[in-house]
Amino acid sequence: MAIPNVRIPSRQLYIDGEWREPVKKNRIPIISPATEEIIGEIPAATEEDVDIAVEAARRALARDDWGSTTGAQRAKYLRAIAAKILERKSELAKLESLDCGKTLFEAAWDMDDVAASFEYYADLAEALDSKRKTPVDLHLDSFKTYVLREPLGVVGLITPWNYPLLMATWKVAPALAAGCAAILKPSELASITCLELGEICREVGLPPGALNILTGLGPEAGAPLVSHPHVDKIAFTGSGATGVKIMTAAAQLVKPVTLELGGKSPIVVFDDIDNLDLAVEWTLFGCFANAGQVCSATSRLILQESIASEFLERLLLWIKNIKISDPLEEDCKLGPIVSSGQYEKVLKFISKAKDEGATILCGGERPQHMKKGYYVQPTIITDVNTSMEIWKEEVFGPVLCVKTFKTEEEAIELANDTKYGLASAIMSKDVETCERFTKAFQTGIIWFNCSQPTFTQLPWGGRKRSGFGRDLGEWGLENYLNIKQVTQYTSVEPWAFYKSPSKV
Ligand SMILES: NC(=O)c1ccc[n+]([C@@H]2O[C@H](COP(=O)([O-])OP(=O)(O)OC[C@H]3O[C@@H](n4cnc5c(N)ncnc54)[C@H](O)[C@@H]3O)[C@@H](O)[C@H]2O)c1
Ligand SMILES: C[N+](C)(C)CCCC=O
Ligand code: NA
């Protein structure tokens, strides 16, 4: 096994521009998903730390060095952060891989995306200066009006472990671009790189309190953020169950939330595809990248019956080439699941599918050559019916389930046969078929002839039980802006609704 030449920094909470020990001094061990060993620890914030961080954020908004900045000034901080991320890319990628088990290659990809997101929102922060005040012409002589776009205030950002720094960045970068003061609560299962973002913010001189980073458990550090009266908005990415808790708690204060939740996304493959291998590779990538721990994973393969057996044979051949190893090893294509809890959950989904009568076409177990770590083989499940758990529930592991279809109507029905609505993919050479599916798919993201490519400029989010609101693109920035209308009476004439006492 490759021994990583990277030290895991020991950090405190990042509050008000400095490192602070949690009030209760609690810490949480970091367990390597590849070796099951304790490799470090993170600070565990509680309600008391949330109060301190919220006050620091409020002070930042009240101070000129953050609260009165122009978008162009904020863009400089965002670009400086992007530059530092790239400078430390190799180290950050290793830390991410050690912490959550993703392959080093994918972790390095993430770091490029992180830097690109900070750069992108730097551009949008600059552009915001000219859009801050928009006159609205009412075609009236007596009124002049305009609309202001202002920072929303103090925002709480609660994020998951599958793309730790990237998911945090999708919220931190637009929140800072908008001029908000933010409190980030990353997942307790993978917080290392998010804490390093704190060090980067300190190094680039981001004004104290503009970004605070509180690591810790969901109920202890996340919940108090949601119910804090001075947190103006919660942006959340994570599981549906937590999303419901957050929405319920936020509703008590009529606090706005955006929720990016899970999915059970379909990939529909038609028999007119020219290149079977191309479709096979996207199918694999769509379900097994990041060991299937992707909210948008296309984990339901819906195959046209006429090519089903040939397609499955090709899938089995390609799967043999997936290198399962320590995620830091060169060419590793499948690392471990993030934690023992998630690992057990994935194996339970597979055994329940077997119990319900499905066939495990390949995989289904821990790979024999991996003696330690939370590894699961890439798994394909056939003979699935639509009442089975494996068809309906998000596994969040390398598990693909397969059904076949004869007609387009049947394919659409199967694709939409889910409570989720995040993403869908279609593989066909016929543009009109693809367009009909675009209309029919009940999801926020649609991929033609591919699965998963994600671009910072495009809106990301779902509908149905996959949540609401959009990260990324200009929509991501809107999440953190308050819209304020200003109406001015410009006439010198009386309003004349009441009778004036001076006019007897
Ligand atoms: N739609 C998307 O863009 C997207 C992206 C990544 C992950 N996900 C989803 O996230 C899930 C996996 O992530 P996870 O296991 O980290 O999710 P999770 O819901 O367990 O945790 C997410 C975050 O919420 C916090 N949290 C937990 N309980 C809380 C509470 N009561 N109050 C406030 N915060 C609380 C956690 O500490 C963590 O930071 C999957 O379902 C996946 O589909 C969605
Ligand atoms: C950029 N990816 C790979 C599509 C990740 C999406 C985030 C959801 O888990
Ligand atoms: Na971890």
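Whatever order the structure lists ligands and atoms in, that order sets their numbers, starting from 1.
Listed by number with element, the atoms of ligand 1 under 4.0 Å from a non-hydrogen atom of Pro160 are 6 (C), 7 (C), 13 (O), 16 (O). Each of the atoms 40 (C), 41 (O), 42 (C), 43 (O) of ligand 1 lies under 4.0 Å from some heavy atom of Glu394. Atoms of ligand 1 lying under 4.0 Å from at least one heavy atom of Ala223, given by number and element, are 32 (N), 33 (C). For ligand 1, the atoms lying closer than 4.0 Å to a non-hydrogen atom of Pro186 are 39 (O). Below 4.0 Å from some heavy atom of Cys295 lie the following atoms of ligand 2, by number and element: 7 (C), 8 (C), 9 (O). Taking every heavy atom of Trp460 and a limit of under 4.0 angstrom, the matching atoms of ligand 2 come to 4 (C), 6 (C). Numbered from 1 in the order shown, with element, the atoms of ligand 1 that lie under 4.0 Å from a heavy atom of Glu188 read 36 (C), 37 (O). Under a 4.0 Å criterion applied to the non-hydrogen atoms of Asn162, ligand 1 contributes the atoms 6 (C), 7 (C).
Aromatic ring centres of Tyr120 and Trp170: separated by at least 6.0 Å.
Distances between N or O atoms of Thr237 and those of ligand 1 include no value under 3.5 Å. Checked by distance only, ligand 1 and Pro219 stay at 3.5 Å or farther apart across all their nitrogen or oxygen atoms. When only interatomic distances are considered, the shortest N/O to N/O separation between Ser466 and ligand 1 does not fall below 3.5 Å. Inclusion of Asn162 in the set of residues having an N or O under 3.5 Å from an N or O of ligand 2 is warranted. Considering backbone and side-chain N/O of Leu422, none are found under 3.5 Å from N/O of ligand 1. For ligand 1, the polar-atom distance check against Trp161 finds a nitrogen or oxygen pair separated by under 3.5 Å.
Counting protein heavy atoms only, atom 9 (C) of ligand 1 is closest to Gly238 O, 3.1 Å. Among all protein heavy atoms, the one lying closest to atom 12 (C) of ligand 1 is Phe396 CE2, 3.6 Å. Nearest protein neighbour of atom 4 (C) of ligand 2, counting heavy atoms only, is Thr454 OG1, 3.0 Å. Among protein heavy atoms, atom 25 (C) of ligand 1 sits closest to Ile158 CG2, 3.6 Å. Looking only at heavy atoms of the protein, atom 23 (C) of ligand 1 is closest to Thr159 O, 3.5 Å. Summary of contacts: the protein heavy atom closest to atom 31 (N) of ligand 1 is Lys245 CD, 3.9 Å. In this structure, the protein non-hydrogen atom closest to atom 21 (O) of ligand 1 is Thr242 OG1, 4.5 Å. In this structure, the protein non-hydrogen atom closest to atom 2 (C) of ligand 1 is Cys295 SG, 3.1 Å.
A donor-acceptor contact under 3.5 angstrom links the side chains of Thr298 and Ser451, judged on distance only.
The pair Lys264-Glu394 does not meet the salt-bridge criterion, since no charged nitrogen lies less than 4.0 angstrom from a carboxylate oxygen. Salt-bridge formation is not detected for the pair Lys102/Glu96: no Lys NZ or Arg NE/NH1/NH2 atom is positioned less than 4.0 Å from an Asp or Glu carboxylate oxygen. Salt bridge absent: Asp110 and Lys89 never bring a charged side-chain N and a carboxylate O closer than 4.0 Å. Salt-bridge annotation for Arg20 and Asp49: absent, with no side-chain N of the basic residue lying under 4.0 Å from a carboxylate O of the acidic one.
Other residues, nucleotides and ligands place no more than 12 heavy atoms under 6.0 Å from the CZ atom of Arg465. Atom CD of Glu393 has more than 12 heavy atoms from other residues, nucleotides or ligands within 6.0 Å. No more than 12 heavy atoms of other residues, nucleotides or ligands sit less than 6.0 Å from atom NZ of Lys372.
Between Trp161 and Phe396, the ring planes are perpendicular. Angles over 60° get that label, and only those under 30° would be called parallel.
Of the listed residues (Tyr163, Trp109, Phe455, Phe396), the one carrying the non-hydrogen atom nearest atom 3 (C) of ligand 2 is Tyr163.
For the pair Trp447/Ser424, no side-chain contact is recorded, criterion being any heavy-atom separation below 4.5 Å from C-beta on.
Figure legend: cation-pi geometry between Lys233 and Tyr480, with NZ or CZ positioned under 6.0 Å from the six-membered ring centre and within 45° of its axis. Trp460 does not carry Arg470 over the face of its six-membered ring by the limits of under 6.0 Å from the centre and within 45° of the normal.
In summary, no N, O or S atom of Ala190 is located under 3.0 Å from the Na ion (ligand 3).
The proximity of Met167 to ligand 2, defined as any non-hydrogen pair under 4.0 Å, is limited to the side chain. For Asn290, no heavy-atom contact with ligand 2 is shorter than 4.0 Å. Under 4.0 Å from ligand 1, the heavy atoms of Phe236 that appear belong solely to its side chain.
The CZ atom of Phe349 sits 6.5 Å away from the CD1 atom of Ile390 when rounded to the nearest 0.5 Å.
Looking at every heavy atom in both residues, Ala425 comes nearest to Phe441 through O-CZ, 3.9 Å.
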